[in-house]
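When reading the values below, keep in mind they use all heavy atoms of this one structure, side chains included, and skip hydrogens, waters and symmetry mates.
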Amino acid sequence: MIHRVFDSKYFEWGILVIIILFSFLWMQFASIGDSLVFDELAHIPAGYSYLKYFDYRLNPEHPPLLKAFSAIPLLFLNLNFPTSGMSWNNEDEWGVGNQFIFNSNNNADFIIFLSRLGPIILTLLLIFFVYFIAKDLVGKRWALLPAFFIALSPNILAHGHYVTTDIGVSLFILMAIYFFNKYIINPSMHLLIISGITFGLAQLSKFSALILIPTFIVLAIIFSFNNKPRLVVFKNTFLVFLIGFFLVYGVYFLFSLNYPLNKQISKSISVFRIYNQQMTETARENCLGSDTGLKFRTKCFLKETLIQMSGNKITRPIVQYLIGARAVYKQSVSSPIHYLTFFNGSICNCGRWYYFPMLLILKEPLPLLILIIVVLGLGSWKIIKRLSWLRLSNLNKNTLNYLERHFAEFSMTLFVIIYGVYALRSNLNIGIRHILPIMPFVYILITIGLKTTHIYMKNILIFILVAWYFLETLFAFPYFLSYFNQLGGGVKNGYNYAVDSNYDWGQDLKRLSQWVKSNNIQKITVNYFGTGNVGYYLKDKAESWDSEKGNPKERGINWSAVSVNFLKTYPEQYLWLQKIKDIDKPDYRAGTSIFIYKL
């Protein structure tokens with residue numbers, strides 16, 4: 001009887017369903033307990049305004065797809081949206097978000113709950129698609145392993161239930177690379193359309209997906225070495241780009257229909273200006289004049305052209321897209337960020353090349369790190385042994401033949417390398433979430449390596465590490481965002497290495513409210529890092545408290561709650577607290593990230 005179950009053609013699908021169910025339940029319960037996290041205050045109203053009003057004034061620094069998808073359930077509610085206030089008129093996404101969610105007689109928690117269903121669905125689709133791809137490479141049973149890793153990853157579970165862009169772009173990048181490989185190997189019209197659409201969906205999810213362009217070009221070049229004619233390969237690649245960006249244009253066109261032209265022109269001027277914002281004739285002449293350098297005049301001409309394009313309903317979607325892409329590029333690569341970040345004892349507004357490698361070591365579960373070390377070690381030894389007897393004259397031929405036979409694995413590895421190099425150069429050191437797009441590929445590649453590598457008692461080793469991985473996630477529940485492995489101090493102490501979206505992103509405000517209520521606290525000061533509304537949850541029991549005000553005890557308040565992000569990033573502002581308390585030993589904690597002190 002047991003053998004029949006294991007041999008059934010439905011066995012793997014049954015296990016996959018169980019894995020997906022675990023992931024769904026954990027994300028759903030975590031979602032209910034977590035308050036609004038930082039970016040959600042901008043993303044939720046932005047997505048709703050795109051669908052409801054076809055107006056793209058809010059949050060242009062991120063493409064619209066995932067925000068709009070998350071807002072679909074909200075269309076079925078009778079919600080009040082502040083289109084007549086100053087925040088809407090001034091294109092203040094944070095002000096609009098605060099008014100819409102907390103100050104318009106709407107049910108804030110229900111809005112947040114419904115909006116998070118979209119990203120949860122996308123996370124479940126990511127799990128399924130990881131299994132779907134791995135099944136082709138390692139078989140149905142082995143494919144359960146990367147699906148398990150992605151479904152129960154604390155980092156995936158954390159960001160999989162927030163209205164942010166990281167999980168959605170991970171899904172569509174995975175799909176785009178898979179279908180692009182299928183298309184250039186066996187070109188057909190339906191694969192061309194699917195490949196172009198998935199490429200476009202990735203671009204509509206997050207601007208970091210632009211990295212698919214160099215990835216696809218390199219893949220096309222490598223593939224063309226053994227496949228003639230080469231021009232056909234490059235033509236097919238160009239068609240994928242064309243279809244994808246046509247989809248991008250169509251979505252931006254739709255969501256910009258009711259965005260007032262005068263506001264878009266003003267936005268374009270503020271973003272692209274070289275000369276003064278009034279664009280006087282004198283300013284234009286100074287910009288385009290012959291006494292300026294050719295490079296400067298060319299840049300000025302291009303920006304002037306973009307400003308003119310923003311005043312045309314047909315061309316302005318292009319400008320709107322470029323505004324967002326430019327903002328992200330400036331923030332992540334070309335200039336320092338405008339706020340301080342804490343990492344491993346250092347505080348700066350800079351990028352650190354070691355930031356993401358170190359975060360992987362601290363925030364990925366140890367059993368997975370062990371598997372990575374085993375696979376990389378044994379795989380490297382296998383390559384060295386092959387090279388030792390391989391003739392140099394045959395090296396190129398054998399390499400090309402290997403790449404042709406293992407093109408899917410090569411494409412995954414290439415993307416991990418290219419994206420990894422991009423991440424190392426990024427100034428935006430605020431969370432492991434920014435490298436989540438590489439993790440599905442890492443999990444699949446680990447599984448391929450495990451299957452093809454001879455390891456003593458391999459099945460027992462895998463069973464032990466999988467069980468350990470499950471327990472890691474179980475014990476982290478429901479504080480997935482704050483997860484650190486044992487090297488990073490665990491869930492309780494990971495803040496000593498990194499905060500922001502690695503640990504404290506504002507998710508514990510509701511838990512603070514519950515603590516205040518259950519302990520019958522009449523008054524507490526709150527210095528909260530996040531975009532949740534303190535007054536909405538704590539009413540008159542909370543007093544917002546700037547650390548520069550000093551000790552609340554002097555004003556008759558005996559309790560103080562402080563987000564750990566502030567304690568680690570601005571320690572000099574809490575000298576008064578350090579004099580009377582060990583800040584690393586609060587009297588109580590709301591969740592993991594809000595420290596509560598009795599004064």
Check the orientation of Trp94 and Phe38. Use parallel for under 30°, tilted for 30 to 60°, and perpendicular for over 60°.
perpendicular

All pairs passing salt bridge (charged side-chain N to carboxylate O under 4.0 Å, His left out) where residues 188-197 contributes a residue, at least two apart
none

Salt bridge (charged side-chain N to carboxylate O under 4.0 Å, His left out): which pairs involve residues 44-62, sequence neighbours left out?
Asp55-Arg57

Kindly indicate whether the side chain of Tyr419, heavy atoms from C-beta on, has any atom under 4.5 Å from the side chain of Pro437.
yes

Please tabulate, for side-chain N and O atoms in residues 68-76, each donor-acceptor pair with protein atoms closer than 3.5 Å (sequence neighbours left out).
from  : atom 1 : to    : atom 2 : distance (Å)
Ser70 : OG     : Leu66 : O      : 3.0

Under 3.5 Å, side-chain donor or acceptor atoms of residues 164-172 against the rest of the protein: list the pairs with distances, not counting sequence neighbours.
from   : atom 1 : to     : atom 2 : distance (Å)
Asp166 : OD1    : Lys206 : NZ     : 2.6
Asp166 : OD2    : Arg433 : NH1    : 3.2
Ser170 : OG     : Asp166 : O      : 2.7

Using the six-membered ring wherever Trp is involved, compare the ring planes of Phe180 and Phe216 and label them parallel, tilted or perpendicular (cut-offs 30° and 60°).
parallel

Between Asn502 and Lys363, does any side-chain donor sit less than 3.5 Å from a side-chain acceptor?
no

Side chain to side chain donor-acceptor pair (under 3.5 Å) partners of Asn90, counting only residues at least two apart:
none

Are Tyr536 and Ile101 close enough, and set up right, to give a side-chain contact (heavy atoms from CB on, under 4.5 Å), and what steps lead you there?
CA-CA 10 Å; Tyr536 184 87; Ile101 298 175; over 6 Å; no

Can the ring centres of Phe199 and Phe245 be said to be less than 6.0 Å apart?
yes

Please list every donor-acceptor pair under 3.5 Å in which a side-chain atom of residues 256-263 meets a protein atom from a residue at least two apart or in another chain.
from   : atom 1 : to     : atom 2 : distance (Å)
Ser256 : OG     : Tyr252 : O      : 2.8
Asn258 : ND2    : Tyr53  : O      : 2.9
Tyr259 : OH     : Glu91  : OE1    : 3.1
Tyr259 : OH     : Glu91  : OE2    : 3.1
Lys263 : NZ     : Asn89  : O      : 2.7
Lys263 : NZ     : Asn89  : OD1    : 3.3

Determine whether the aromatic ring centres of residues Phe129 and Phe132 are separated by less than 6.0 angstrom.
yes

